[in-house]
Amino acid sequence: MKHIQVDLKNALPFLNQDDFKSYDKLVKDQNKQLENKTGKGNDFLGWLNLPENISKDQIADINETGTKLRNISEIIVVIGIGGSYLGAKSIIDALSGQFDHLKHDKNNSQILFAGQNLSEDYYYELLEYLKDKKYSLIVISKSGITTEPAIAFRLLRKDLEKRFGNKEAAARIVAITDASKGALRELTNKEDYKSFIINDDIGGRYSVLTPVGLLPIACAGFNIEEIIAGAKSMLELSQNDTFNSNPVYKYAAIRHALYSKNKTIEILTNYNPKLNYIAEWWKQLFGESEGKENKGIFPASVSFTTDLHSMGQYVQEGLRNIFETVISVEKTKFNLQIPNDDDNFDKLNYLAGKPIDYVNKMAELGTTLAHIDGNVPNIKITLPEINEYYLGELLYFFEKACAISGYLLEINPFDQPGVEAYKKNMFALLEKPGFEEESIEIKKKLNS
Ligand code: PA5
């Protein structure tokens with residue numbers, strides 16, 4: 001069985017080799033803190049053994065709930081934001097056909113997302129789209145009080161109740177939230193919605209392998225057992241104490257070593273647009289985990305070759321504080337060759353008969369070499385193919401590397417105190433009950 005691979009050969013030349021050797025011990029020490037639960041934020045480590053702890057009954061419950069929802073829905077709207085949204089969105093996008101959303105396939109429910117923005121137009125257009133369709137809701141909020149999903153849920157719940165009556169609406173709603181706290185839990189208990197619990201020891205951005213990610217993925221028709229199997233295989237690989245055989249150690253170490261050399265921006269690069277939302281999920285994971293105490297690598301992303309025609313110039317010649325991590329997919333799902341053309345007006349016959357992926361791979365290699373020449377260190381993560389198993393490996397790989405990476409920075413990778421700042425201002429401006437003093441202060445600030 002293949003596994004995802006991490007290749008450092010195009011990043012190591014940017015470092016002093018003796019310095020880098022010291023990471024062997026450093027990452028092992030951080031891993032020990034993680035495994036022994038003695039590091040910062042150790043009450044948020046429920047995700048660490050999730051792939052081996054999730055039971056057959058839990059998986060069956062998720063699959064059964066997914067099947068029930070699919071049977072009664074043309075559309076399933078998944079409501080959530082941040083960690084309660086990006087994991088499911090990234091895996092569903094990666095596994096779906098890129099034009100599936102345009103198909104009217106009676107056997108497959110379409111998955112849409114809401115609660116991830118506050119755009120009035122978005123909600124108006126969503127309600128318009130849902131007007132003549134049978135739909136259901138999965139509402140996900142760990143805290144149960146986040147404003148964006150709460151507004152979306154209120155809108156869509158009212159619409160469901162108006163259209164189907166309260167009883168059928170309740171049967172069309174599944175909630176994923178805290179066991180006992182929060183407004184969503186209260187409403188779930190009152191209306192007797194089917195629900196799943198997010199454990200206290202699993203933060204939002206580490207929750208993709210719980211029902212938060214798995215239920216929407218199952219609803220989209222994908223195999224969640226395979227995702228868990230992949231994650232479990234990476235869990236085992238990440239327990240290998242030989243540095244070079246442990247992809248998690250290698251990635252956590254090289255990131256920190258490059259950061260120490262002022263490479264403060266990491267660009268996650270793909271050559272397959274199906275992976276664009278994996279990059280969004282990754283940005284939240286690393287950005288929210290590491291960006292604190294005035295430290296942290298800034299996580300950015302590009303999708304090549306598309307963005308070579310927009311961001312390529314900056315990556316090649318802009319400020320030299322960038323390194324790049326490429327997710328390279330070994331094997332495409334389908335085969336398509338470039339056709340011959342008798343007239344050869346476009347002078348492309350030299351490529352006739354070649355798979356399009358061959359050109360993509362040469363673009364990838366050419367770009368990597370150009371970036372190395374341009375002083376952009378390159379880390380390569382090879383995914384044998386895009387399927388549930390390897391995506392499961394990839395998710396767990398990034399989660400564990402992020403935790404170790406956070407410990408190398410000596411911060412708590414499991415909290416997000418900075419996220420509250422915008423909320424406090426927004427509540428003050430909205431004059432939310434309980435924010436009276438903040439309202440006065442913010443008005444003074446705006447008028448000064
Ligand atoms: O990672 C996190 O903790 C956050 O991004 C949350 O997932 C996000 O703010 C949504 O929170 P909640 O699930 O409580 O609505």
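In listed order, ligands and their atoms are each counted from 1. All values below come from the heavy atoms of this structure, side chains included, with hydrogens, waters and symmetry mates left out.
- Side chains of Glu266 and Thr325: a donor-acceptor N/O pair is present below 3.5 angstrom, by distance only.
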Trace of the salt bridge (charged side-chain N to carboxylate O under 4.0 Å, His left out) decision for Arg157 with Glu161: CA-CA 6 Å; Arg157 177 170 58 90; Glu161 287 172 351; 3.8 Å; yes
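- Scored by the salt bridge (Lys or Arg N to Asp or Glu O under 4.0 Å) test, Glu128 finds Lys131 as partners (sequence neighbours excluded).
- Look at Glu35 and Lys400 and you find a salt bridge, because one of the NZ, NE, NH1 or NH2 atoms lies within 4.0 Å of a carboxylate O, short of that distance.
- Under 4.0 Å from any atom of ligand 1, one finds heavy atoms of residues Ile81, Gly82, Gly83, Ser84, Ser141, Lys142, Ser143, Thr146, Gly204, Arg205, Gln284, Glu288, Gln416.
- Taking the six-membered ring for Trp and the full ring otherwise, Tyr251 and Phe397 have centroids separated by under 6.0 Å.
- No side-chain donor from either of Tyr249 and Asp24 sits under 3.5 Å from a side-chain acceptor of the other.
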